[in-house]
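In what follows, a structure is listed as structure tokens, so that the remarks can point back to it.
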Amino acid sequence: MTETVTTSIEDNEVAATKGSNSAEIRIEEENSDNSDITLNPEHEKILKDQILPAETKASYSQLYQTATKRDWIIMAVGLVFACGAGAAMPLMTIIFGRVVDSFTLFLTHQMTDDEFSSEINTFSTYFAYLAISTFVATYIYMATWVYTGERQTRQIRERYLRAVLRQNIAYFDGIGPGEITTRISSDTHLIQDGISEKFAISFQYLSTFISAFIIAFATNWKMALVICCVVPVIATTSIIINKFNSLYTKRSSDFYSFAGTIAEESLAAIRTTVAFGAQKKLSTLYNTYLRDARREGIRKQILNSSGVGILFFFVYCTYSVGFWYGSTLLLKNEVTPGKVVNVFFAVIIGAFSLAHLAPDLQAFGLATGAGAKIFETINRIPPIDSASPNGEKPTNCEGRIQFKNTSFIYPSRPSIMALNNVSLDIEPGTTVALVGTSGSGKSTIVSLSLRFYDPISGEILLDGRDIKSLNVTWLRRQMSLVGQEPVLFNTTIAENVAHGLIGSIYENISDDKKRIMVEHACQMSNAHGFIMNLPEKYDSMVGEGGLLLSGGQKQRIAIARAIIKDPKILLLDEATSALDSRSEGIVQDALDKASKDRTTIVVAHRLSTVRNATKIIVMGDGSIIESGTHDELMAKKGAYSQLVEAQQLQQAEEKQDSLDKSIVPPEDADPLLVSNQADIIPEEDYQLGRVTSNKSVSSAVLAKRKDDLEANMKHEYDYTTWELIKKIGKMNRPEITVLFIGLIASIANGSVYPIFSLIFANILQSFSTTGAELQHDATFWALMFLVIAVGTSLSSIIQGSCFGYSGESLTRKIRSATFDAMLRQDISFFDEDKHTTGSLTSALALDATHVNGLAGITLGTLLQVLTTVIGGLVVALVVGWKLALVCMCCIPVMLGAGSLRMRMLNGFQQKTKKAYENSANVACESSTNIRTVAALTREDDVLNIYHHMLDEPMRQGFKNAFLASIAFAFAQCVTFLANALAFWYGGRLIMTGEYDLRRMFTVFMAVIFGSMSAGRAFAYAPDVAKAKSAAASIMSIIERVPTIDAWSHTGKKIEKIEGHLKFTNVHFRYPTRPHVPVLRGLDIEIRPGQFAALVGPSGCGKSTTISLTERFYDITDGRIEIDGIDITTINVSNLRENISLVSQEPSLYDMTIKENIIFGCRPGQQPTQDDIEKACREAHIHDFIIGLPNGYDTRVGGKGKQLSGGQKQRVAIARALIRNPKILLLDEATSALDSQAEKVVQEALDVAAKGRTTLAIAHRLSSIQNADIIFVIRDGKVHERGTHQELLAQKGMYYTMVQEQDLGVVKE
């Protein structure tokens, strides 16, 4: 199980190690004590219950858990008709036998012409009746089972997502969001395959088998008994194959699941991936899992083909024995030739139907394997169950929260105590602030209040009741959470804010009233101004993860979402960390108002935001160090006082008379008092142009760019089937030798039927002889069957193994090439709605599987079928061209029926694929952001959206059931019509003396067996349709050449960069929002080695400037230069090698700390352990790491969620420093740190900045006061520039921002 831990989307102090972040505070002693925690059995059980999966035995029957009574009735009706359709072929053998007897009697002159003619006409009519019956029965069983398959699979998808959403947070420690996407897209398709029409077809085969043997025994029990020896062999072989098949499938599925998690993490953090040029490293990691999956897949294919080869060997051996024994019975006059043929054909059809079961049993094996993991989640009842109706639901909530001797350990880190015997009492209506170093347990208290986890000892009470006794959903609905990294969902702003109403009395009010509440909440959170500047206003989409908004804009919408329902308890986990000082002042004022008359728990690093709290609790190492009001704690001169001191913003020299007194507070002023609130300028005045602090081209030159854009839309190109075959074939070129051997084996395998028709006809001819001649001929032709047995066995094994090998290799290559191509794309590709993380990971999983459906085993089968058809026609035309031509009339009809079915399926396939992709996005988004979903109690809302998104694919599935089944049923019944025609015309040719028995049956068997095989080929129509659609999708990504191409070798390669960065009149708009100007003539210059800072309101273009420096996008107009060279002329990879980025929300991958840091290395750089430790010391994270039980080999979990926000940020800083960059970009690099850690890391960054150009974005002005130059950005341009002192002297916008953040000076 991967050690992923979904702890905090909101950057919780996950696995908040005791002393976790304290590079400065007694880390080594504390951690060495903690790493040896001994848990008693009761505590161990509490931890295990939170993460253990449900024990689920993989069984095929459990796949039908979701079937309703109605489904069972429909399926039962379908099975009755499948039974009837299955009996048709054995019934045909009776007619067949009687026809043979009629021919023999006529040829031995024991029947007149009129009698013979009458018999033939009667039997031909019987064939026509069988055809009609088969059509009706086949249509009904196919339609009913495809229909119920769609219904049940939908239920499984919905139940799986419901089960995922109800799980406790600790459960997600073991799974990545990529795994959930893979399960809900790929694995449910496998289940649908196993419970849909394939089961009904298998039942038809079973019915054929049983009815065939009943007929055989009724006709002649002795001969039937001899032939029956094949049955146990076939059954045993099938069972063994199925067992191992399921095992290998599960292993392969697990490896693909791990690969899916890597892909999901890489694509979700695409900016980090691209900035560090980590595409190759991630690709290598992804390929490691693909190689393992390929190995298991090849084993499975070899096993399958060996099983099929053994099956056919025994089947043909049985024919040999059967015919030889039949001839001995003929000599004794116990049977007629017709009865021998009847028994023989009945057993052939019975045995073949059993053999045809093998591929379908494989589908059942795959479905069972896929179902095991899915039902493991569905059947798991979590210890903290948000879906359970149990628990008290008090009518009133006052909001008193008490922790009594509470100790807590994160289940994923059982060796570290996160909270140690904490007791605190929060009175109703009071505001309690939690402060302290990163990882001290502050966010853990928030998580426990929401009951995301259960403590190992002690209790947590709400209004005097243990929260374990309360209904989980009721409990969470009394609270609203605003996290440090707020999560928005991919919908409109209005809908995101309205999510806060879920579970409240306002949930079902009219849309108009809801909109009024939404706007009021946004005004309170200071979001209304920027929203009204957007083109679509409240109906603007926020993008995946809210990426179309800046960090501050996201945070304000999250605050609006939290306060809209007027909750009893408000939980603010760094709620204003991403806001600039102006917004923070306004929003803090709104939060202060919102906190009145309700219980509020505030986690804060910026102490100015908690000065007015009723009680401030200082935490360290999972314990409470001190508590009291601001004034009481300042008077104590303890830990709190030190934290405040660390946050002082250096003012202009106090003796400087020229500055206004409002800058330097009086001696007795409160250190945290925010001065001059009247000077705050509402953000509305700042006409926020930028909507997307992280996203991408534009208007003055939109016309000029049009051609480039159109060229870049090449991926919309419509590929022909032949082009796709050539392109996929080219990818499979290394396996050409294996494919060639497989091709020869397929041809050999396909030749079996034409040869069989010659042997069979000769045996029939020998039956019309007597005595020694009969014995000699029958023995000779029976031995020929043994030759066929050996040949078909070998060719089946070789064919299956070769095509299985090449198919698995192709799957690996396609996944690998597609993933590489995705990582190659420029950032604007990921800004598009259709390229969300969910849909891309879903495409990675599904498309390769579908292409393999055609290129692997299916390709071998199609070649085999083609050989059978062509070989059969050649034999028939050579032996008797007249009957051959008449029989051939049925082939176009069969091909027509098959091709119609294929075309219909192709149309459905295109529509359903997109619909399932969209629904996979919802599943991926909700599971990735499970903490936010749980806190909002959005589970039912997500399920409702998902439910409606499945409507369209289900409608397409029903069309498939009722329309495409017509063509399939028609293809099934054509054989009987062909038989009627062949026997009728063959009878005429025998009457005229043109044909004898041998000639007539050679032609008949060759053409009819050939056309039956052609019919079988169209069972693969869905695979062909899916493969074409998937191949087109794959090629469109692989062949898409981005405008900014990291793979390109063109452009200048600069060996030594000085770091002189210059923006000249830069204009920019994001490609997804070409009508919203972001930068409007930005001019900045940063000289080599300078530390420059960008400040300004949220959404003014700061992060955009960083993105453009990395060349994530191309500017619309103007010029960006490094060392005087236009960056568009520099090789993209070379440019980025010299730059390091530390972003506001750092992205770490699900691997060890050491591996995450190494990701920052330049290509070819081989860091030693000393280099890694040096970077970590510079980032002040080394002491924390070595205090962990596994040190540098500690896994950080998915998205780094086993670390607190501050710990993640420092690992990200170490990753940035390991490559010793010439240009360092810091986008709010210290936003997640507490004041003490920030001070230390800021010093580290100051040291790290020496000798390199540094561009920093900051809302906390204390972190950039020593910058060589500060640019104040407003409306996408530089509004003010200068040093800290110069800007203060200007008394402009910067001056106002400083006043708002002034913490004063702590008096000694």
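Keep in mind that this is a model prediction, so the values were computed, not measured.
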Residue pairs passing the ring pair (Phe, Tyr, Trp, His ring centres under 6.0 Å) test with at least one member in residues 86-108, sequence neighbours excluded, are Phe96-Phe345, Phe96-Phe983, Phe96-Phe1001, Phe96-Phe1004, Phe103-Phe116, Phe106-Phe116

Where is the tightest heavy-atom contact between Ser757 and Met1005, given as atom of each residue plus distance?
CB-CB, 3.5 Å

Is the Phe199 ring parallel, tilted or perpendicular to the Phe364 ring (thresholds 30°, 60°)?
tilted

Strictly by ring pair (Phe, Tyr, Trp, His ring centres under 6.0 Å), give each pair with a member in residues 863-891 just once, sequence neighbours left out.
none

Centre of Tyr985's six-membered ring, under 6.0 Å away, within 45 degrees of the axis: is that where NZ or CZ of Arg988 sits?
no

Determine whether the side chains of Ser102 and Glu119 contain a donor N or O and an acceptor N or O closer than 3.5 Å.
yes

Verify whether the ring centers belonging to Tyr139 and Phe81 lie closer than 6.0 Å.
no

Side chain to side chain donor-acceptor pair (under 3.5 Å) partners of residues 120-133, not counting sequence neighbours, each pair once
Asn121-Trp984

Do Phe976 and Phe127 have ring centroids that are under 6.0 Å from one another?
no

Kindly say whether the aromatic ring centers of Trp781 and Phe323 come within a distance under 6.0 Å.
no

Is it the case that the side chain of Ser117 and the backbone of Asp114 share a donor-acceptor pair, with hydrogens and angles ignored and the cut-off at 3.5 Å?
no

Between Ser793 and Gly309 (side chain of the first, backbone of the second, donor and acceptor by atom type, cut-off under 3.5 Å), is there such a pair?
yes

How are the rings of Phe760 and Phe756 set to each other: parallel, tilted or perpendicular (split at 30° and 60°)?
parallel

Could you check whether Gln204 and Tyr141, counting side-chain N and O atoms only, form a donor-acceptor pair closer than 3.5 Å?
yes

